[in-house]
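Counting begins at 1 with the first residue of the sequence.
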Amino acid sequence: MSRILVVDDRAENRGILCQLLARLEHETVEASTGQDALDLVERIQPDLVLLDLMMPGIDGYGVLERLATRPGFLPVIVVTAASEREARLRALKLGAHEFLVKPIDLEELGVRVRTMLELKRARDAAQRKRDELEAEVASRTAELREMNQRLVAADRLKDEFLAVVSHELRTPLNAISGFGSILMDGLRGPLNEAQRADLARMLVGAQNLASLVDDILDLSRMQAGTFSIMPVPVDFAPLVRDCLAGLEPVARRGRQRLQLEAEADLPPVCADAPRVYQILRNLVGNAMKFSGAGTEIRVSIRSEIGAVACRVTDAGPGIAETDLDRIFDRFTQLDMGTTRVAGGAGLGLAIAKSLVEAHGGKIGVESRVGKGSTFWFTLPLAVPAPPGCSVSSSV
(Lines give C-alpha, C1' and ligand atoms only; values in the text may rest on other atoms or scores of the structure.)
Protein backbone atom coordinates (compact mmCIF):
# COMPACT_ATOMS: atom_id res chain seq x y z
CA MET A 1 0.00 0.00 0.00
CA SER A 2 1.32 3.41 -1.01
CA ARG A 3 1.17 6.49 1.20
CA ILE A 4 -0.08 9.66 -0.50
CA LEU A 5 -0.05 13.17 0.96
CA VAL A 6 -3.04 15.29 -0.10
CA VAL A 7 -2.40 19.03 0.27
CA ASP A 8 -5.29 21.50 -0.13
CA ASP A 9 -6.59 24.35 2.03
CA ARG A 10 -10.23 23.26 1.46
CA ALA A 11 -11.45 20.22 3.40
CA GLU A 12 -14.04 19.19 0.79
CA ASN A 13 -11.37 18.97 -1.92
CA ARG A 14 -9.17 16.85 0.29
CA GLY A 15 -12.12 14.61 1.12
CA ILE A 16 -12.95 13.89 -2.52
CA LEU A 17 -9.35 13.01 -3.31
CA CYS A 18 -8.95 10.84 -0.23
CA GLN A 19 -12.12 8.86 -1.03
CA LEU A 20 -10.88 8.11 -4.55
CA LEU A 21 -7.45 7.09 -3.31
CA ALA A 22 -8.99 4.87 -0.64
CA ARG A 23 -10.94 3.00 -3.31
CA LEU A 24 -7.61 2.46 -5.07
CA GLU A 25 -6.28 1.00 -1.81
CA HIS A 26 -3.87 3.80 -1.01
CA GLU A 27 -3.20 5.24 2.42
CA THR A 28 -3.78 9.00 2.57
CA VAL A 29 -2.58 11.77 4.87
CA GLU A 30 -4.02 15.31 4.70
CA ALA A 31 -2.40 18.73 5.02
CA SER A 32 -4.25 22.06 4.86
CA THR A 33 -1.23 24.39 4.56
CA GLY A 34 2.08 24.41 2.76
CA GLN A 35 4.02 24.36 6.01
CA ASP A 36 2.06 21.35 7.30
CA ALA A 37 2.79 19.60 4.01
CA LEU A 38 6.52 20.20 4.32
CA ASP A 39 6.55 18.95 7.92
CA LEU A 40 4.62 15.81 6.96
CA VAL A 41 6.93 15.06 4.05
CA GLU A 42 9.84 14.82 6.45
CA ARG A 43 7.90 12.91 9.09
CA ILE A 44 5.96 10.29 7.12
CA GLN A 45 8.05 10.03 3.92
CA PRO A 46 5.10 9.79 1.45
CA ASP A 47 5.33 8.04 -1.90
CA LEU A 48 3.40 10.76 -3.75
CA VAL A 49 2.10 14.30 -3.13
CA LEU A 50 -1.14 15.76 -4.56
CA LEU A 51 -0.60 19.50 -4.25
CA ASP A 52 -2.89 22.51 -4.58
CA LEU A 53 -1.26 25.76 -5.68
CA MET A 54 -3.52 28.44 -4.21
CA MET A 55 -3.04 28.23 -0.42
CA PRO A 56 -2.46 30.85 2.28
CA GLY A 57 1.06 31.22 3.72
CA ILE A 58 3.38 28.99 1.82
CA ASP A 59 1.58 28.31 -1.44
CA GLY A 60 2.07 25.34 -3.78
CA TYR A 61 4.94 27.07 -5.61
CA GLY A 62 6.79 27.55 -2.32
CA VAL A 63 6.26 23.89 -1.45
CA LEU A 64 7.68 22.86 -4.84
CA GLU A 65 10.74 25.08 -4.36
CA ARG A 66 11.51 23.48 -0.99
CA LEU A 67 10.87 19.94 -2.18
CA ALA A 68 13.30 20.49 -5.06
CA THR A 69 16.17 20.83 -2.54
CA ARG A 70 15.24 17.61 -0.77
CA PRO A 71 17.31 14.49 -1.51
CA GLY A 72 15.65 11.50 -3.12
CA PHE A 73 12.80 11.24 -5.61
CA LEU A 74 9.29 12.36 -4.56
CA PRO A 75 6.73 12.70 -7.40
CA VAL A 76 4.30 15.62 -7.16
CA ILE A 77 0.98 15.95 -9.02
CA VAL A 78 -0.35 19.51 -8.98
CA VAL A 79 -4.15 19.56 -8.59
CA THR A 80 -5.39 23.14 -8.92
CA ALA A 81 -8.08 25.45 -10.27
CA ALA A 82 -5.40 27.64 -11.87
CA SER A 83 -5.64 26.75 -15.54
CA GLU A 84 -3.40 29.46 -16.98
CA ARG A 85 -0.47 28.38 -19.11
CA GLU A 86 1.92 30.43 -16.98
CA ALA A 87 0.82 28.60 -13.83
CA ARG A 88 1.40 25.20 -15.50
CA LEU A 89 4.84 26.17 -16.82
CA ARG A 90 5.91 27.66 -13.49
CA ALA A 91 4.86 24.55 -11.56
CA LEU A 92 6.60 22.22 -14.00
CA LYS A 93 9.79 24.29 -13.91
CA LEU A 94 9.77 24.12 -10.11
CA GLY A 95 9.65 20.33 -10.18
CA ALA A 96 6.04 19.21 -10.54
CA HIS A 97 5.71 15.94 -12.46
CA GLU A 98 2.04 16.22 -13.51
CA PHE A 99 -0.46 19.10 -13.70
CA LEU A 100 -4.22 18.53 -13.42
CA VAL A 101 -6.86 21.29 -13.52
CA LYS A 102 -9.99 21.16 -11.33
CA PRO A 103 -12.61 19.81 -11.71
CA ILE A 104 -10.68 16.56 -11.78
CA ASP A 105 -11.51 13.61 -13.99
CA LEU A 106 -11.29 10.90 -11.33
CA GLU A 107 -10.40 8.17 -13.82
CA GLU A 108 -7.57 10.27 -15.24
CA LEU A 109 -6.33 11.05 -11.74
CA GLY A 110 -6.23 7.32 -10.96
CA VAL A 111 -4.13 6.66 -14.06
CA ARG A 112 -1.72 9.53 -13.24
CA VAL A 113 -1.38 8.38 -9.63
CA ARG A 114 -0.63 4.80 -10.69
CA THR A 115 1.95 5.97 -13.23
CA MET A 116 3.73 8.21 -10.71
CA LEU A 117 3.79 5.47 -8.06
CA GLU A 118 5.26 2.99 -10.54
CA LEU A 119 7.91 5.55 -11.43
CA LYS A 120 8.61 6.11 -7.73
CA ARG A 121 9.03 2.38 -7.12
CA ALA A 122 11.36 2.05 -10.11
CA ARG A 123 13.45 5.06 -9.04
CA ASP A 124 13.66 3.82 -5.45
CA ALA A 125 14.70 0.35 -6.61
CA ALA A 126 17.40 1.88 -8.82
CA GLN A 127 18.62 4.04 -5.93
CA ARG A 128 18.77 1.03 -3.61
CA LYS A 129 20.80 -0.80 -6.23
CA ARG A 130 23.15 2.16 -6.60
CA ASP A 131 23.54 2.35 -2.82
CA GLU A 132 24.31 -1.36 -2.68
CA LEU A 133 26.85 -1.04 -5.47
CA GLU A 134 28.48 1.99 -3.85
CA ALA A 135 28.69 0.12 -0.55
CA GLU A 136 30.20 -2.87 -2.32
CA VAL A 137 32.70 -0.65 -4.15
CA ALA A 138 33.62 1.08 -0.89
CA SER A 139 34.11 -2.29 0.80
CA ARG A 140 36.20 -3.65 -2.06
CA THR A 141 38.24 -0.44 -2.19
CA ALA A 142 38.99 -0.71 1.52
CA GLU A 143 40.03 -4.34 1.05
CA LEU A 144 42.26 -3.46 -1.90
CA ARG A 145 43.79 -0.55 0.05
CA GLU A 146 44.58 -2.84 2.96
CA MET A 147 45.98 -5.49 0.62
CA ASN A 148 48.10 -2.89 -1.15
CA GLN A 149 49.50 -1.67 2.18
CA ARG A 150 50.41 -5.25 3.04
CA LEU A 151 52.08 -5.72 -0.34
CA VAL A 152 54.05 -2.49 0.07
CA ALA A 153 55.18 -3.60 3.53
CA ALA A 154 56.11 -7.05 2.20
CA ASP A 155 57.99 -5.48 -0.71
CA ARG A 156 59.90 -3.23 1.67
CA LEU A 157 60.80 -6.19 3.92
CA LYS A 158 61.95 -8.13 0.86
CA ASP A 159 64.19 -5.27 -0.25
CA GLU A 160 65.65 -4.95 3.25
CA PHE A 161 66.23 -8.71 3.39
CA LEU A 162 67.93 -8.75 -0.01
CA ALA A 163 70.15 -5.82 0.98
CA VAL A 164 71.21 -7.51 4.24
CA VAL A 165 71.81 -10.91 2.64
CA SER A 166 73.72 -9.38 -0.27
CA HIS A 167 75.91 -7.37 2.09
CA GLU A 168 76.67 -10.43 4.20
CA LEU A 169 77.60 -12.42 1.09
CA ARG A 170 80.41 -10.01 0.27
CA THR A 171 82.72 -11.27 3.04
CA PRO A 172 82.79 -14.97 2.02
CA LEU A 173 82.90 -13.99 -1.66
CA ASN A 174 85.94 -11.78 -1.07
CA ALA A 175 87.60 -14.69 0.72
CA ILE A 176 86.80 -17.11 -2.11
CA SER A 177 88.05 -14.73 -4.80
CA GLY A 178 91.10 -13.65 -2.84
CA PHE A 179 92.37 -17.08 -1.81
CA GLY A 180 91.37 -18.48 -5.21
CA SER A 181 93.54 -15.90 -6.93
CA ILE A 182 96.43 -16.76 -4.58
CA LEU A 183 96.12 -20.41 -5.53
CA MET A 184 95.78 -19.57 -9.26
CA ASP A 185 98.98 -17.48 -9.09
CA GLY A 186 100.85 -20.46 -7.63
CA LEU A 187 101.69 -18.70 -4.37
CA ARG A 188 100.73 -21.83 -2.45
CA GLY A 189 102.50 -24.22 -4.76
CA PRO A 190 102.13 -25.47 -8.33
CA LEU A 191 98.80 -26.71 -9.69
CA ASN A 192 98.19 -29.39 -12.25
CA GLU A 193 95.98 -28.70 -15.27
CA ALA A 194 92.86 -30.28 -13.77
CA GLN A 195 93.25 -28.23 -10.57
CA ARG A 196 93.73 -25.02 -12.55
CA ALA A 197 90.63 -25.76 -14.63
CA ASP A 198 88.54 -26.45 -11.51
CA LEU A 199 89.87 -23.35 -9.82
CA ALA A 200 89.14 -21.23 -12.90
CA ARG A 201 85.54 -22.43 -12.88
CA MET A 202 85.31 -21.63 -9.17
CA LEU A 203 86.61 -18.09 -9.70
CA VAL A 204 84.20 -17.51 -12.60
CA GLY A 205 81.33 -18.68 -10.40
CA ALA A 206 82.48 -16.41 -7.59
CA GLN A 207 82.70 -13.48 -10.00
CA ASN A 208 79.20 -14.17 -11.33
CA LEU A 209 77.84 -14.33 -7.80
CA ALA A 210 79.67 -11.10 -6.91
CA SER A 211 78.05 -9.40 -9.91
CA LEU A 212 74.64 -10.62 -8.77
CA VAL A 213 75.30 -9.29 -5.25
CA ASP A 214 76.32 -5.92 -6.73
CA ASP A 215 73.11 -5.83 -8.79
CA ILE A 216 70.95 -6.58 -5.76
CA LEU A 217 72.71 -3.94 -3.67
CA ASP A 218 72.36 -1.37 -6.44
CA LEU A 219 68.68 -2.18 -6.84
CA SER A 220 68.12 -1.95 -3.08
CA ARG A 221 69.76 1.48 -2.98
CA MET A 222 67.65 2.60 -5.94
CA GLN A 223 64.46 1.48 -4.21
CA ALA A 224 65.53 3.21 -0.99
CA GLY A 225 66.42 6.44 -2.82
CA THR A 226 70.02 6.39 -1.58
CA PHE A 227 71.65 5.72 -4.97
CA SER A 228 73.30 8.67 -6.73
CA ILE A 229 75.18 9.43 -9.93
CA MET A 230 77.81 12.09 -10.73
CA PRO A 231 77.28 13.16 -14.37
CA VAL A 232 80.03 15.07 -16.19
CA PRO A 233 80.80 15.65 -19.90
CA VAL A 234 81.84 12.30 -21.40
CA ASP A 235 82.87 11.16 -24.90
CA PHE A 236 80.39 8.39 -25.51
CA ALA A 237 82.00 6.51 -28.42
CA PRO A 238 85.28 5.62 -26.61
CA LEU A 239 83.23 4.44 -23.64
CA VAL A 240 81.25 2.08 -25.89
CA ARG A 241 84.44 0.80 -27.53
CA ASP A 242 86.00 0.05 -24.14
CA CYS A 243 82.89 -1.84 -23.05
CA LEU A 244 82.85 -3.96 -26.21
CA ALA A 245 86.58 -4.66 -25.88
CA GLY A 246 86.00 -5.95 -22.36
CA LEU A 247 83.23 -8.25 -23.61
CA GLU A 248 85.16 -9.46 -26.65
CA PRO A 249 86.68 -12.52 -24.90
CA VAL A 250 83.23 -13.66 -23.83
CA ALA A 251 81.94 -13.15 -27.36
CA ARG A 252 84.79 -15.22 -28.81
CA ARG A 253 84.07 -18.08 -26.44
CA GLY A 254 80.46 -18.03 -27.65
CA ARG A 255 81.57 -17.69 -31.30
CA GLN A 256 79.75 -14.37 -31.57
CA ARG A 257 80.72 -11.09 -33.23
CA LEU A 258 80.39 -7.64 -31.70
CA GLN A 259 79.89 -4.94 -34.35
CA LEU A 260 80.02 -1.20 -33.56
CA GLU A 261 78.58 1.45 -35.88
CA ALA A 262 79.39 4.91 -34.54
CA GLU A 263 78.45 8.19 -36.14
CA ALA A 264 81.45 10.49 -36.64
CA ASP A 265 82.03 13.55 -34.45
CA LEU A 266 79.48 12.66 -31.78
CA PRO A 267 79.02 15.45 -29.20
CA PRO A 268 79.84 14.61 -25.57
CA VAL A 269 77.07 13.46 -23.27
CA CYS A 270 76.32 14.41 -19.67
CA ALA A 271 76.90 11.12 -17.89
CA ASP A 272 78.43 9.17 -15.02
CA ALA A 273 80.88 7.04 -17.02
CA PRO A 274 81.02 3.98 -14.69
CA ARG A 275 77.22 3.84 -14.57
CA VAL A 276 76.90 4.20 -18.34
CA TYR A 277 79.44 1.40 -18.66
CA GLN A 278 77.14 -0.64 -16.39
CA ILE A 279 74.17 0.10 -18.67
CA LEU A 280 76.13 -1.01 -21.73
CA ARG A 281 77.39 -4.21 -20.10
CA ASN A 282 73.85 -5.10 -19.08
CA LEU A 283 72.35 -4.51 -22.53
CA VAL A 284 75.19 -5.99 -24.60
CA GLY A 285 75.64 -8.86 -22.15
CA ASN A 286 71.93 -9.57 -22.36
CA ALA A 287 72.10 -9.58 -26.17
CA MET A 288 75.02 -12.03 -26.10
CA LYS A 289 73.26 -14.23 -23.55
CA PHE A 290 70.17 -14.73 -25.68
CA SER A 291 71.85 -14.93 -29.11
CA GLY A 292 73.16 -18.21 -30.42
CA ALA A 293 76.64 -19.17 -31.58
CA GLY A 294 77.75 -17.65 -34.87
CA THR A 295 75.47 -14.61 -34.50
CA GLU A 296 76.28 -10.91 -34.58
CA ILE A 297 75.37 -8.33 -31.92
CA ARG A 298 75.26 -4.85 -33.44
CA VAL A 299 75.74 -1.69 -31.42
CA SER A 300 75.02 1.63 -33.12
CA ILE A 301 75.36 5.14 -31.71
CA ARG A 302 74.21 8.35 -33.32
CA SER A 303 73.20 11.86 -32.36
CA GLU A 304 69.63 13.02 -31.99
CA ILE A 305 68.07 16.34 -31.02
CA GLY A 306 69.52 17.11 -27.59
CA ALA A 307 70.79 13.55 -27.02
CA VAL A 308 72.94 10.67 -28.20
CA ALA A 309 71.13 7.38 -28.85
CA CYS A 310 72.57 3.88 -28.50
CA ARG A 311 70.90 0.80 -30.02
CA VAL A 312 71.86 -2.81 -29.20
CA THR A 313 70.45 -5.35 -31.67
CA ASP A 314 70.64 -9.09 -31.00
CA ALA A 315 69.76 -12.27 -32.89
CA GLY A 316 67.77 -13.77 -30.05
CA PRO A 317 64.29 -15.33 -29.95
CA GLY A 318 62.52 -11.98 -29.67
CA ILE A 319 59.88 -10.84 -27.20
CA ALA A 320 56.11 -11.17 -27.52
CA GLU A 321 54.24 -7.89 -27.81
CA THR A 322 52.24 -8.69 -24.66
CA ASP A 323 55.50 -8.89 -22.66
CA LEU A 324 57.12 -5.66 -23.85
CA ASP A 325 55.51 -3.53 -21.14
CA ARG A 326 57.03 -5.58 -18.31
CA ILE A 327 60.44 -6.44 -19.75
CA PHE A 328 62.09 -3.76 -17.56
CA ASP A 329 60.39 -4.89 -14.34
CA ARG A 330 62.81 -6.19 -11.72
CA PHE A 331 63.12 -9.96 -11.32
CA THR A 332 61.30 -10.40 -14.64
CA GLN A 333 62.31 -13.35 -16.80
CA LEU A 334 59.96 -13.98 -19.67
CA ASP A 335 61.13 -17.24 -21.21
CA MET A 336 62.01 -19.36 -18.19
CA GLY A 337 63.33 -22.22 -20.29
CA THR A 338 65.78 -19.98 -22.14
CA THR A 339 66.67 -18.10 -18.97
CA ARG A 340 67.51 -21.26 -17.10
CA VAL A 341 70.10 -22.02 -19.77
CA ALA A 342 71.39 -18.45 -20.05
CA GLY A 343 71.31 -17.66 -16.34
CA GLY A 344 70.53 -14.38 -14.61
CA ALA A 345 68.16 -13.10 -11.96
CA GLY A 346 66.15 -10.65 -14.06
CA LEU A 347 67.77 -7.52 -12.60
CA GLY A 348 69.95 -6.20 -15.42
CA LEU A 349 67.25 -4.48 -17.45
CA ALA A 350 65.58 -3.00 -14.36
CA ILE A 351 68.91 -1.54 -13.24
CA ALA A 352 69.67 -0.25 -16.75
CA LYS A 353 66.28 1.48 -16.86
CA SER A 354 66.83 3.14 -13.49
CA LEU A 355 70.31 4.31 -14.47
CA VAL A 356 69.19 5.71 -17.83
CA GLU A 357 66.30 7.59 -16.24
CA ALA A 358 68.64 8.90 -13.51
CA HIS A 359 70.64 10.54 -16.30
CA GLY A 360 67.51 12.12 -17.73
CA GLY A 361 67.48 9.75 -20.69
CA LYS A 362 64.96 7.29 -22.08
CA ILE A 363 65.09 3.54 -22.64
CA GLY A 364 62.96 1.14 -24.63
CA VAL A 365 62.82 -2.03 -26.71
CA GLU A 366 61.64 -3.03 -30.17
CA SER A 367 61.12 -6.71 -30.80
CA ARG A 368 59.27 -9.40 -32.75
CA VAL A 369 59.12 -13.06 -31.87
CA GLY A 370 61.65 -14.95 -33.97
CA LYS A 371 63.21 -11.72 -35.30
CA GLY A 372 65.46 -10.63 -32.44
CA SER A 373 65.30 -7.51 -30.29
CA THR A 374 66.75 -4.01 -30.25
CA PHE A 375 67.21 -2.31 -26.89
CA TRP A 376 67.86 1.42 -27.10
CA PHE A 377 68.58 4.26 -24.72
CA THR A 378 69.42 7.96 -24.92
CA LEU A 379 71.67 10.23 -22.87
CA PRO A 380 71.40 14.04 -22.82
CA LEU A 381 74.10 16.12 -24.48
CA ALA A 382 76.65 17.90 -22.31
CA VAL A 383 76.58 20.99 -24.56
CA PRO A 384 74.58 22.95 -23.78
CA ALA A 385 74.87 21.50 -20.28
CA PRO A 386 71.50 20.52 -18.86
CA PRO A 387 70.60 21.77 -15.35
CA GLY A 388 72.38 19.78 -12.66
CA CYS A 389 74.91 18.23 -15.01
CA SER A 390 77.86 19.00 -12.75
CA VAL A 391 76.29 17.90 -9.50
CA SER A 392 75.08 14.62 -8.06
CA SER A 393 71.50 13.60 -8.76
CA SER A 394 69.68 10.77 -7.00
CA VAL A 395 67.91 7.83 -8.60
Test log, rule side-chain contact (heavy atoms from CB on, under 4.5 Å), inputs V49 and V7: CA-CA 7 Å; V49 176; V7 186; 4.0 Å; yes
More than 12 heavy atoms of other groups within 6.0 Å of N148 CG: yes
R281 vs L247 side-chain heavy atoms within contact, under 4.5 Å: yes
CA sep, side-chain torsions, deciding dist, call: R140, E136, salt bridge (charged side-chain N to carboxylate O under 4.0 Å, His left out): CA-CA 6 Å; R140 295 293 185 185; E136 179 69 16; 2.8 Å; yes
Criterion side-chain contact (heavy atoms from CB on, under 4.5 Å) against R275, the qualifying member of V356, I351, L355: L355
From L244 atom CG to L260 atom CG, the distance as rounded to the nearest 0.5 Å: 5.5 Å
Minimum-distance pair of heavy atoms, taken over all atoms of A309 and E304: CB-OE2, 3.4 Å
Sub-4.5 Å side-chain heavy-atom contact between D131 and E134: yes
Separation between CD1 of I297 and NZ of K289, rounded to the nearest 0.5 Å: 13.0 Å
Rounded distance (nearest 0.5 Å) linking atom CD of E366 with atom CH2 of W376: 7.5 Å
Heavy-atom side-chain contact between K120 and F73 under 4.5 Å: yes
Closest non-hydrogen atom pair, D242 against Y277: O-OH, 3.7 Å
Non-hydrogen side-chain atoms of H26 and L20 separated by less than 4.5 Å: no
Heavy-atom neighbours of E25 CD exceed 12 at 6.0 Å: no
Residues E263 and R302 bridged, charged N to O under 4.0 Å: no
L266 with V232, same ILVMFWY side-chain cluster at under 4.5 Å: yes
Flag side-chain contact, heavy atom, 4.5 Å: S2 against L117: yes
Value rounded to 0.5 Å, distance of CD1 in I77 from OG1 in T115: 8.0 Å
pair V6-V29: side-chain heavy atoms closer than 4.5 Å: no
Exceeds 12 heavy-atom contacts within 6.0 angstrom, atom CD of E321: no
Side-chain heavy-atom pair L74, L67 within 4.5 angstrom cut-off: yes
Test salt bridge (charged side-chain N to carboxylate O under 4.0 Å, His left out) applied to E357 and K362, step by step: CA-CA 6 Å; E357 292 176 348; K362 297 180 180 179; over 6 Å; no
SB check E132 R128 (cutoff 4.0 Å): no
Nearest atoms (heavy-atom pairs only) where L5 meets E30: CD1-C, 4.3 Å
Heavy-atom neighbours of R70 CZ exceed 12 at 6.0 Å: yes
Salt bridge flag under 4.0 Å for residues R201 and D198: yes
Hydrophobic cluster identity match, L38 and I4, side-chain contacts under 4.5 Å: no
Nearest-0.5 Å distance, CD1 of residue I301 to OG1 of residue T378: 13.5 Å
Nearest-0.5 Å distance, NZ of residue K353 to CG of residue D329: 8.0 Å
Salt bridge (charged side-chain N to carboxylate O under 4.0 Å, His left out) evaluation trace for R90 with E86: CA-CA 6 Å; R90 183 181 177 189; E86 290 75 12; over 6 Å; no
Heavy-atom side-chain proximity of Q149 to R145 below 4.5 angstrom: yes
L21 reachable from V41 in the ILVMFWY side-chain graph, under 4.5 Å edges: no
Salt bridge flag under 4.0 Å for residues E84 and R88: no
Face-on cation placement of R311 at F375 ring, 6.0 Å and 45° thresholds: no
Shortest non-hydrogen contact from P75 toward L48: O-CD1, 3.4 Å
Chi angles and distances behind the salt bridge (charged side-chain N to carboxylate O under 4.0 Å, His left out) call for D52, K102: CA-CA 10 Å; D52 184 30; K102 299 176 183 176; 3.8 Å; yes
Nearest atoms (heavy-atom pairs only) where S177 meets L203: O-CD2, 3.9 Å
Closest non-hydrogen atom pair between G60 and L51, with its separation: O-CD2, 3.5 Å
